[in-house]
Amino acid sequence: ALAFTYQNDKLRGRVEKFAAEVNSEITVPCDVADDEQIQSVFEHLDNYWDSLDILVHSVAFAPREQLDGEYLENVTREGFLTAHEISSYSFAALGDAAREMMKGRNG
């Protein structure tokens, strides 16, 4: 079985439609910038499964203005940190939150 997360209500419908196409009814809100939402995902999944075999992290983000024009002319410390928090740190945060459900798995 598969579960899917979505960042906000704007994306919810698309994710629910995709989940239905692969016969999954499990969709959970998860803004990876919010540690409470990350924790809530795994509390919710615990209602469906006793354990978790794999976590797929497919998240990337940078503020729009950081993507315009020449990289070195537009990159700012704040934009760079935001991009790495969402795109990179979120992997560690999700992995940490998933650890309890993944204990003892041999995958």
Side-chain angles (χ1 to χ4, degrees):
L2 299 172
F4 298 88
T5 61
Y6 53 90
Q7 179 191 18
N8 54 37
D9 285 337
K10 181 179 178 180
L11 299 173
R12 182 179 185 169
R14 290 189 346 202
V15 172
E16 288 176 342
K17 180 180 176 186
F18 180 75
E21 290 174 6
V22 295
N23 298 318
S24 175
E25 296 179 1
I26 308 171
T27 60
V28 187
C30 183
D31 181 339
V32 296
D34 183 335
D35 290 331
E36 289 180 13
Q37 281 194 34
I38 290 172
Q39 195 61 44
S40 292
V41 167
F42 296 96
E43 291 168 2
H44 185 81
L45 293 179
D46 194 38
N47 295 330
Y48 293 91
W49 305 321
D50 294 330
S51 60
L52 184 66
D53 291 321
I54 191 168
L55 170 69
V56 175
H57 176 271
S58 181
V59 179
F61 174 82
R64 184 173 307 279
E65 64 275 4
Q66 299 291 294
L67 302 173
D68 290 336
E70 294 292 322
Y71 172 72
L72 293 176
E73 292 175 6
N74 291 308
V75 68
T76 64
R77 183 176 302 276
E78 182 180 332
F80 184 87
L81 291 172
T82 298
H84 281 275
E85 176 187 0
I86 302 303
S87 304
S88 301
Y89 175 77
S90 62
F91 176 66
L94 287 164
D96 185 45
R99 285 187 336 166
E100 188 63 34
M101 288 188 77
M102 297 181 95
K103 277 186 180 175
R105 304 305 295 166
N106 295 320

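Any value given below was found using the heavy atoms of this structure, including those in side chains, with hydrogens, waters and symmetry copies removed.
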Out of curiosity, [X] [atom1] to [Y] [atom2], how far, rounded to the nearest 0.5 Å?
| X | Y | atom1 | atom2 | result |
| --- | --- | --- | --- | --- |
| Cys30 | Gln39 | SG | CD | 10.5 Å |
| Ser40 | Leu45 | OG | CG | 10.5 Å |
| Phe42 | Leu52 | CZ | CG | 6.5 Å |
| Ile54 | Met102 | CD1 | CE | 7.0 Å |

Non-hydrogen side-chain atoms of [X] and [Y] separated by less than 4.5 Å:
| X | Y | result |
| --- | --- | --- |
| Ser24 | Phe4 | yes |
| Thr76 | Gln66 | yes |
| His44 | Asn47 | yes |
| Ile86 | Val32 | yes |
| Val28 | Tyr6 | no |

**Study point:** Test item: Gln7 side-chain N/O and Asp31 main-chain N/O as donor-acceptor pair under 3.5 Å
**Key:**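 Not confirmed, Gln7 side chain does not pair with Asp31 backbone.
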
Looking only at non-hydrogen atoms, find the nearest pair between [X] and [Y] and report the distance.
| X | Y | result |
| --- | --- | --- |
| His57 | Ser87 | CE1-O, 3.2 Å |
| Gln37 | Pro29 | OE1-C, 3.8 Å |
| Ala93 | Asp35 | CB-OD1, 4.5 Å |

Common cluster, [X]/[Y], ILVMFWY with side-chain heavy-atom separation under 4.5 Å:
| X | Y | answer |
| --- | --- | --- |
| Trp49 | Leu94 | yes |
| Val15 | Ile38 | no |
| Phe61 | Phe91 | no |
| Leu2 | Leu55 | no |
| Tyr48 | Met101 | yes |

Practice item. Could you please spell out the steps behind the side chain to side chain donor-acceptor pair (under 3.5 Å) verdict for Glu85 and Ser90? Key: CA-CA 6 Å; Glu85 176 187 0; Ser90 62; over 6 Å; no

**Study point:** Glu70 atom CD, neighbour heavy-atom count above 12 within 6.0 Å
**Key:**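 Not more than 12 within 6.0 Å, no.
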
Check your understanding: Do other residues, nucleotides or ligands put more than 12 heavy atoms under 6.0 Å from Glu25 CD?
Key ->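 Count not over threshold, so no.
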
